[in-house]
Amino acid sequence: KQEVTQIPAALSVPEGENLVLNCSFTDSAIYNLQWFRQDPGKGLTSLLLIQSSQREQTSGRLNASLDKSSGRSTLYIAASQPGDSATYLCAVSPFFFMDSSYKLIFGSGTRLLVRP
Amino acid sequence: EAGVTQFPSHSVIEKGQTVTLRCDPISGHDNLYWYRRVMGKEIKFLLHFVKESKQDESGMPNNRFLAERTGGTYSTLKVQPAELEDSGVYFCASSQTGFHNNEQFFGPGTRLTVL
C-alpha cells in the first residue's frame, strides 16, 4: 500500500532564504509525482509534475527532483517571498499494470510561512 | 480557458439530509476525479471517471455516496443520507488522457458541514 509522508509539517523562514521541502513514498512503482500549492480556503494549484522517467522539473524559482529508487522527492524554492506562504502538497500516482486509474495519493502537506 | 468549477462552495446540512455536489471539469478533459479531505486528514481519492464510465471507485467510503457523470461532461456526487463524519472538503479534478502525463487540475472544493 502506497503511503506518502511530508517533512516537516510546518516551516517558518525569513524572506529571501532558499528552502527545501521533502516528500517520501513507500512504493517506487509510480506513474508520476505532482507538487501542489494550497492557499487557505482555496483549491489546489499544480506546481510541477515529474514523470517516473524524469529526475527533475523546473518552473521559475521552483525545482522539484525525483529519486524513485529511494522513494524521495524534494521541492526547492529559491529566494523565498512572503507570497510563497501556503501549504505545499506532494502526491504520487501509483502504477498498476493494466490499470489506468492515475489516482493521486497525497501526503499531509508542509505549511510554509515566509516572514517579511 | 476556464478551470475546474465546483458548486456549491459551501453546504451546511443536518444529519440524515441529502446533498448533491456538482463538478464541471475543464472542457475536453475525459478524466474526472473526486477527492475529499476530512478534518485533520490527508486528501483521499474517492473515484475516477473516464468519460461517463467509472474507472475506479475503490475510494468510495460506503453506499451512501453515489457519483454520476452523465454524458461524460459534468459530474455529481450525492450523499444520502449524510452523516456527521461526511463533513469535510470535497475536491474535483480533471485531466486529459495523454496530455502532459495526465496532470490533474483541481477545483476550489466544496466545504460540506453536517450538523
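Chain letters run A, B, ... following the sequence lines, proteins first and then strands; every chain starts at 1.
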Should [X] and [Y] be regarded as members of a common hydrophobic cluster, given that ILVMFWY residues are connected when their side-chain heavy atoms come within less than 4.5 Å of each other, either directly or indirectly?
X        : Y       : result
A/Leu48  : A/Phe25 : yes
A/Ile105 : A/Leu44 : no
A/Leu49  : A/Tyr31 : no
B/Tyr74  : B/Phe7  : no
A/Val13  : A/Leu75 : yes

Less than 4.5 Å to any heavy atom of chain A: does that hold for the side chain of B/Ser58, its backbone, both, or neither?
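Interface part for B/Ser58: side chain.
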Assess whether side chain to side chain contact (heavy atoms under 4.5 Å, CB included) is satisfied between B/Ile43 and A/Leu104, documenting all intermediate values.
CA-CA 9 Å; B/Ile43 296 173; A/Leu104 293 175; over 6 Å; no
More than 12 heavy atoms of other residues, nucleotides or ligands under 6.0 Å from CZ of A/Arg55: yes or no?
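Check fails, neighbour count at 12 or below.
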So for atom NZ, which belongs to B/Lys54, do other residues, nucleotides or ligands contribute more than 12 heavy atoms lying within a distance under 6.0 Å?
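Correct, the count exceeds 12.
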Evaluate the side chain to side chain contact (heavy atoms under 4.5 Å, CB included) criterion for residues B/Gln55 and A/Lys103: first the C-alpha distance (whole Å), next the side-chain angles of each, then the deciding distance (0.1 Å), finally the verdict.
CA-CA 10 Å; B/Gln55 175 73 22; A/Lys103 63 188 174 190; over 6 Å; no
Go through the atoms of A/Gln34 and report whether side chain, backbone, both or neither lie under 4.5 Å from a heavy atom of chain B.
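The answer is the side chain of A/Gln34.
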Among B/Phe45, B/Phe91, B/Phe105, who wins on heavy-atom pairs under 4.5 Å with chain A?
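Looking at each option in turn, the highest pair count goes to B/Phe45.
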How far does [atom1] of [X] sit from [atom2] of [Y], to the nearest 0.5 angstrom?
X        : Y        : atom1 : atom2 : answer
B/Thr97  : A/Tyr102 : OG1   : OH    : 6.5 Å
A/Leu89  : B/Glu42  : CG    : CD    : 10.0 Å
B/Gln104 : A/Ser93  : CD    : OG    : 7.0 Å

Over 60° means perpendicular and under 30° means parallel, so tell me whether A/Phe36 and B/Phe106 are parallel, tilted or perpendicular.
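A/Phe36 vs B/Phe106 ring planes: perpendicular.
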Side-chain donor-acceptor contact under 3.5 Å, B/Glu103 with A/Ser46
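The answer is yes; a qualifying pair exists.
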